[in-house]
Trainee: 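Would you mind keeping the following structure in view while I ask a few things?
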Amino acid sequence: QVQLAESGGGLVQAGDSLRLSCVVSGRTFSIYAMGWFRQAPGKERDFVAAVQWGVGRTYYADSVRGRFTISRDNAKNTVYLQMNNLKPEDTALYYCATAPVPSALGARASYNYWGQGTQVTVSS
């Protein structure tokens with residue numbers, strides 16, 4: 001079992017920054033990669049970014065590339081999502097998740113454990 005706990009969400013204005021954190025506990029040795037997804041009301045849960053737990057290779061959705069940065073601190077079992085130049089369309093519930101094996105990291109089906117989410121709201 002793996003447990004995930006997100007934090008760092010909030011209400012900000014367009015152009016502001018936020019950093020989300022996701023603390024991982026449990027069977028962390030079984031993790032291949034960590035991902036961030038987001039879901040706005042009435043929409044699908046979409047891929048945002050992912051990072052390979054071991055080598056640190058990163059992946060981004062086109063909509064956030066250049067504004068968001070994913071990173072991990074293996075010693076703290078924590079993955080971060082630094083979000084800069086936030087836009088109203090970034091408003092969503094943000095989830096972190098674990099992927100156990102090499103796979104298509106942009107796909108929800110590649111992830112087996114999910115956190116409860118942290119809300120990010122960006123006002124214009």
Trainee: When you group the ILVMFWY residues by side-chain heavy-atom contacts below 4.5 Å and let the links chain together, are Val48 and Leu18 in the same group?
Mentor: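 Yes: a chain of side-chain contacts under 4.5 Å links Leu18 to Val48.
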Trainee: Hey, what do you get for CZ (Arg38) to CG (Leu93), rounding to the nearest 0.5 Å?
Mentor: 12.0 Å
Trainee: With the 4.5 Å side-chain cut-off for hydrophobic clustering, are Ile70 and Tyr32 part of the same group?
Mentor: no
Trainee: Looking at Val120 and Gly9, what are the two nearest heavy atoms and their distance?
Mentor: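 So the minimum-distance heavy-atom pair works out to CG2-CA, 4.1 Å.
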Trainee: Roughly how far apart are Tyr60 OH and Phe47 CZ, rounded to 0.5 Å?
Mentor: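 The OH atom of Tyr60 sits 9.0 Å away from the CZ atom of Phe47.
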Trainee: Considering only NZ, NE, NH1 and NH2 on the basic side and carboxylate oxygens on the acidic side, decide whether Arg65 and Asp62 come within less than 4.0 Å.
Mentor: yes
Trainee: Between Arg72 (side chain) and Gly54 (backbone), is there a donor-acceptor pair under 3.5 Å?
Mentor: yes
Trainee: Please check this pair: side chain of Thr78 against backbone of Val23, looking for a donor-acceptor N/O pair closer than 3.5 Å.
Mentor: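 Side chain of Thr78 to backbone of Val23, a donor-acceptor pair under 3.5 Å: no, none is there.
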Trainee: Taking the six-membered ring of Phe37 as reference, does the cationic atom of Arg108 (NZ for Lys, CZ for Arg) lie under 6.0 Å from its centre and within 45° of its axis?
Mentor: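 Ring-cation test returns no.
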Trainee: I need the minimum non-hydrogen distance between Ala40 and Ala92, along with the two atoms involved.
Mentor: N-CB, 3.8 Å
Trainee: Answer yes or no: is there a donor N or O on one side and an acceptor on the other, between the side chain of Glu6 and the main chain of Cys96, under 3.5 Å?
Mentor: yes
Trainee: Between Ser30 and Pro100, is there a donor-acceptor pair closer than 3.5 Å when you use the side chain of the first and the backbone of the second?
Mentor: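 No, the answer is negative, given that no donor and acceptor are paired below the 3.5 Å cut-off.
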Trainee: If you measure from CD1 on Ile31 to CG on Leu4, what distance do you get to the nearest 0.5 Å?
Mentor: 7.0 Å
Trainee: List the atom of Val24, the atom of Thr28, and the distance in Å for their closest heavy-atom pair.
Mentor: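 Looks like CG1-CG2, 3.8 Å.
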Trainee: Could you tell me which non-hydrogen atom of Val122 sits nearest to which non-hydrogen atom of Lys87, and how far apart they are?
Mentor: CB-O, 3.3 Å
Trainee: Are Tyr59 and Tyr111 connected, step by step, through hydrophobic side chains (Ile, Leu, Val, Met, Phe, Trp, Tyr) whose heavy atoms are closer than 4.5 Å?
Mentor: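 Same cluster: Tyr59 reaches Tyr111 through Ile, Leu, Val, Met, Phe, Trp or Tyr contacts under 4.5 Å.
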Trainee: Does any N or O in the side chain of Ser63 come within less than 3.5 Å of the main-chain N or O of Ala61, such that one atom is a donor and the other an acceptor?
Mentor: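 The answer is no, because no donor-acceptor pair under 3.5 Å joins these two groups.
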Trainee: Taking Asn74 for its side chain and Trp53 for its backbone only, find out whether a donor-acceptor pair lies under 3.5 Å.
Mentor: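 Yes: the side chain of Asn74 pairs with the backbone of Trp53.
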Trainee: Could you tell me whether a side-chain N or O of Arg57 sits under 3.5 Å from a main-chain N or O of Gln52, the two making a donor and an acceptor?
Mentor: no
Trainee: Linking I/L/V/M/F/W/Y whenever their side-chain heavy atoms sit closer than 4.5 Å, directly or via other members, would Val51 and Met83 fall into one cluster?
Mentor: yes
Trainee: Atom CG in Asn77, atom CE in Met34: separation rounded to 0.5 Å?
Mentor: 9.5 Å
Trainee: Side chains of Asn84 and Ser17, heavy atoms from C-beta outward: is any pair under 4.5 Å?
Mentor: yes
Trainee: Show your reasoning for whether side-chain contact (heavy atoms from CB on, under 4.5 Å) applies to Thr98 and Asn112.
Mentor: CA-CA 6 Å; Thr98 62; Asn112 57 345; 2.9 Å; yes
Trainee: Check whether Tyr80 and Tyr113 end up in the same hydrophobic cluster, where Ile, Leu, Val, Met, Phe, Trp and Tyr are linked by side-chain heavy atoms less than 4.5 Å apart.
Mentor: no
Trainee: Could you measure the distance from the CZ atom of Arg67 to the CD atom of Gln82? Nearest 0.5 Å is fine.
Mentor: 12.0 Å
Trainee: Using the six-membered ring wherever Trp is involved, compare the ring planes of Tyr94 and Phe68 and label them parallel, tilted or perpendicular (cut-offs 30° and 60°).
Mentor: tilted
Trainee: Tell me the closest heavy-atom pair linking Leu105 and Ala99, and the distance in Å.
Mentor: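 Between these two residues, the closest heavy atoms are CD2-CB, 3.9 Å.
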